Amino acid sequence: MKYSWGSHPNIKCNELELKSSSDLKNTILDTDEFIIHGNGRSYGDSGINKTIVKSIDYNSVISFNEEEGILEAQSGILLKDILKIIVPKGWFLKVTPGSKYITLGGAIASDVHGKNHHIDGCFSESVLSFNLMLSNGRVENCKKRDELFLASCGGMGLTGVILDAKISLMKINSKNIDTISIKTNNLQETFDIFESKALYKYSVAWLDTSAQDIDIGRGLVSIGDFSTDGDLSYVPCSSKISIPSWTPSLLINKYTVKIFNFLYYNLQFKKIKKSKLSFDRFFYPLDGLNNWNNLYGKNGFIQYQFILPKEQSYKGMNEILKFIASEGLFSFLAVLKLYGEENENYLSFPLKGYSLAIDFKLSKSLYDVLKKLDKIVLKYKGRIYLSKDVRINKEDFEMNYSKINQFRNIREKYQMNKKFQSLQSKRVKI
Ligand SMILES: Cc1cc2nc3c(=O)[nH]c(=O)nc-3n(C[C@H](O)[C@H](O)[C@H](O)COP(=O)(O)OP(=O)(O)OC[C@H]3O[C@@H](n4cnc5c(N)ncnc54)[C@H](O)[C@@H]3O)c2cc1C
């Protein structure tokens with residue numbers, strides 16, 4: 001059984017289930033230490049411990065106000081199931097990450113961001129309130145600006161169990177996105193496109209990490225917004241292809257990645273390509289291939305995601321991409337995004353700047369190389385994203401999370417640190 005998207009660490013967990021709040025209270029009082037687990041779409045060890053409580057079957061919709069666009073649901077519901085209900089009625093999530101197979105609780109606990117952070121911020125901006133079960137079994141209703149709200153949004157399940165949440169939605173007139181894909185020749189051009197198109201609601205870039213020298217940072221920048229064509233006839237894309245768990249990791253090597261990157265970059269012939277895509281294809285392209293993480297074989301992979309403040313972003317990204325190229329690291333997924341202002345939550349990842357997420361197949365030397373990457377990220381005052389992380393140490397993690405002590409104080413005040421622990425929280429000592 002895999003408990004994280006990166007497929008490691010591969011430990012055996014004692015699995016309990018969240019069935020009802022009274023049941024959970026007993027679990028909390030009877031269990032020494034555990035972590036709540038959503039759908040295991042975080043890449044590292046944030047949802048793993050010897051004992052986990054799975055929320056996935058605690059997934060009912062409590063209410064949906066179609067006029068005002070307010071939905072209340074239990075925390076184990078998947079975003080894909082929310083979308084099935086709200087899209088035909090002309091509503092959408094204000095913020096969505098790159099997978100719809102995550103739970104509502106997981107979205108809040110990671111305070112996930114999407115392709116519109118520079119305009120709309122993190123998922124927590126859409127959260128009106130939630131019920132949180134604390135380490136003594138008491139349920140607290142948390143609203144914006146409460147200390148428990150600030151600590152729990154981005155708090156990685158370490159403040160308690162989010163039972164249910166009320167979120168506000170965004171009005172749409174179509175299930176389609178009008179997109180423009182712009183091919184760039186180097187990093188400067190990629191940054192210039194992001195900046196000149198910053199008024200567009202959604203933006204994201206795929207970078208060709210096989211590029212060398214003056215081509216470094218070239219890629220495809222995708223920008224877009226919901227269409228106004230009135231088409232709300234939503235039939236969810238369900239993928240027909242599944243990658244089996246026995247897939248040999250040899251499939252991913254520097255030659256296949258090079259070929260993939262070459263084709264992906266060059267198959268767009270024109271500088272600018274316009275298209276209309278269903279939101280499934282625009283927001284969740286990877287969901288189209290079931291269990292694509294199996295492509296990395298049984299040892300798995302690491303997604304390294306960091307963010308750099310705006311003033312440092314270009315210089316830092318340039319140095320990092322050159323470093324990756326010089327180390328002979330290869331990746332077919334490297335995603336660059338633009339971010340707006342940081343929010344008040346204690347551990348939310350985004351700050352005003354740019355982030356890069358890159359997948360690397362696990363190898364013996366990878367940890368040493370990533371350690372060197374950490375040093376460059378920290379030199380540019382950057383942060384590492386906990387939802388993707390499986391290896392950062394305490395000192396490096398906390399260096400640029402300036403509200404870390406407020407988080408630790410809350411954990412102590414409510415004795416959360418005695419009950420809610422993950423492998424990650426023990427490693428980074430939060
Ligand atoms: C293909 C893909 C694309 C992605 N794209 C993005 C992206 O664009 N932006 C982004 O921000 N993230 C992205 N992610 C990461 C993902 O959105 C987060 O890791 C998310 O938290 C996973 O949710 P989950 O339900 O699978 O939770 P899990 O992975 O099981 O758990 C994640 C964390 O949430 C906590 N948690 C889960 N449920 C609860 C609850 N009820 N109460 C309290 N805490 C809880 C867990 O303890 C754990 O710390 C992506 C992941 C994948 C696989």
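Remember, it's 1-based here, ligands and their atoms both numbered in the order they're listed. Just so it is clear, the structure is predicted and the values come from calculations on it, not from any experiment.
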Atoms of ligand 1 close to Ser99 [distance to a heavy atom under 4.0 angstrom, numbered from 1]: 1 (C), 2 (C), 3 (C), 52 (C)
N or O contact, Ser55 vs ligand 1, cut-off under 3.5 Å: no
Nearest-contact summary for atom 49 (O) of ligand 1 - protein heavy atom, Å: Met156 O, 2.8 Å
Numbered atoms of ligand 1 (with element) below 4.0 Å of Gly160, judged on heavy atoms: 43 (C)
Side chains of Asp359 and Gln303, donor plus acceptor under 3.5 Å: yes
Phe349 and Tyr385 aromatic ring geometry - parallel, tilted or perpendicular at 30°/60° bounds: parallel
Atoms of ligand 1, numbered as shown, that sit under 4.0 Å from any heavy atom of Val112: 10 (C), 11 (O), 12 (N), 17 (O)
Identity and distance of the protein heavy atom lying nearest atom 15 (C) of ligand 1: Lys388 CE, 3.8 Å
Close N or O approach (Ser46, ligand 1; < 3.5 Å): yes
Part of Ile36 with heavy atoms under 4.0 Å of ligand 1, whether side chain, backbone, both or neither: both
Contact check: Ser75 vs ligand 1, nitrogen or oxygen atoms, below 3.5 angstrom: yes
Aromatic plane relationship, Tyr354 with Phe191 - under 30° parallel, 30 to 60° tilted, over 60° perpendicular: tilted
Polar proximity ligand 1 side, Gly98 side, N/O cut 3.5 Å exclusive: yes
Taking atom 13 (C) of ligand 1 as the reference point, the nearest protein heavy atom with its distance: Pro97 CB, 3.7 Å
Test of proximity, Trp292 against ligand 1: N or O pairs below 3.5 Å: no
Six-ring centre of Tyr265, Lys183 cation under 6.0 angstrom, axis tolerance 45°: yes
Aromatic ring pairing Tyr234/Phe279, orientation class (parallel under 30°, perpendicular over 60°, tilted between): tilted
Geometric class of the Tyr43/Trp292 ring pair [parallel <30°, tilted 30-60°, perpendicular >60°]: tilted
Verdict with supporting geometry, Lys100 and Asp287, salt bridge (charged side-chain N to carboxylate O under 4.0 Å, His left out): CA-CA 8 Å; Lys100 59 179 178 174; Asp287 286 346; 5.9 Å; no
Test item: Asp225 side-chain N/O and Lys201 main-chain N/O as donor-acceptor pair under 3.5 Å: no
Contact (N/O only, under 3.5 Å) between Gly106 and ligand 1: yes
Ligand 1 versus Tyr385: contacting region, heavy-atom distance under 4.0 Å: side chain
More than 12 heavy atoms from other groups under 6.0 Å of NZ on Lys2: yes
Protein residue, atom and distance nearest to atom 32 (C) of ligand 1, heavy-atom basis: Ser42 OG, 3.6 Å
Phe397 atom CZ: more than 12 heavy-atom contacts under 6.0 Å: yes
Residue and atom name of the nearest protein heavy atom (relative to atom 30 (O) of ligand 1), distance in Å to one decimal: Gly38 N, 2.7 Å
Part of Gln305 with heavy atoms under 4.0 Å of ligand 1, whether side chain, backbone, both or neither: neither
Under-4.0 Å salt bridge between Lys144 and Glu344: no
Atom 26 (O) of ligand 1 [closest protein heavy-atom partner, distance rounded to 0.1 Å]: Arg41 N, 2.7 Å
Verdict with reasoning, Glu17 to Lys54, per salt bridge (charged side-chain N to carboxylate O under 4.0 Å, His left out): CA-CA 5 Å; Glu17 276 175 36; Lys54 296 173 83 172; over 6 Å; no
With Met156, the side chain to side chain contact (heavy atoms under 4.5 Å, CB included) member among Ser42, Ser46, Ser425, Ser422: Ser46
Backbone or side-chain N or O of His113 under 3.5 Å from ligand 1 N or O: yes
For atom 25 (O) of ligand 1, closest protein heavy-atom neighbour: Thr103 OG1, 2.6 Å
Atom 41 (N) of ligand 1 [closest protein heavy-atom partner, distance rounded to 0.1 Å]: Ile162 O, 3.0 Å
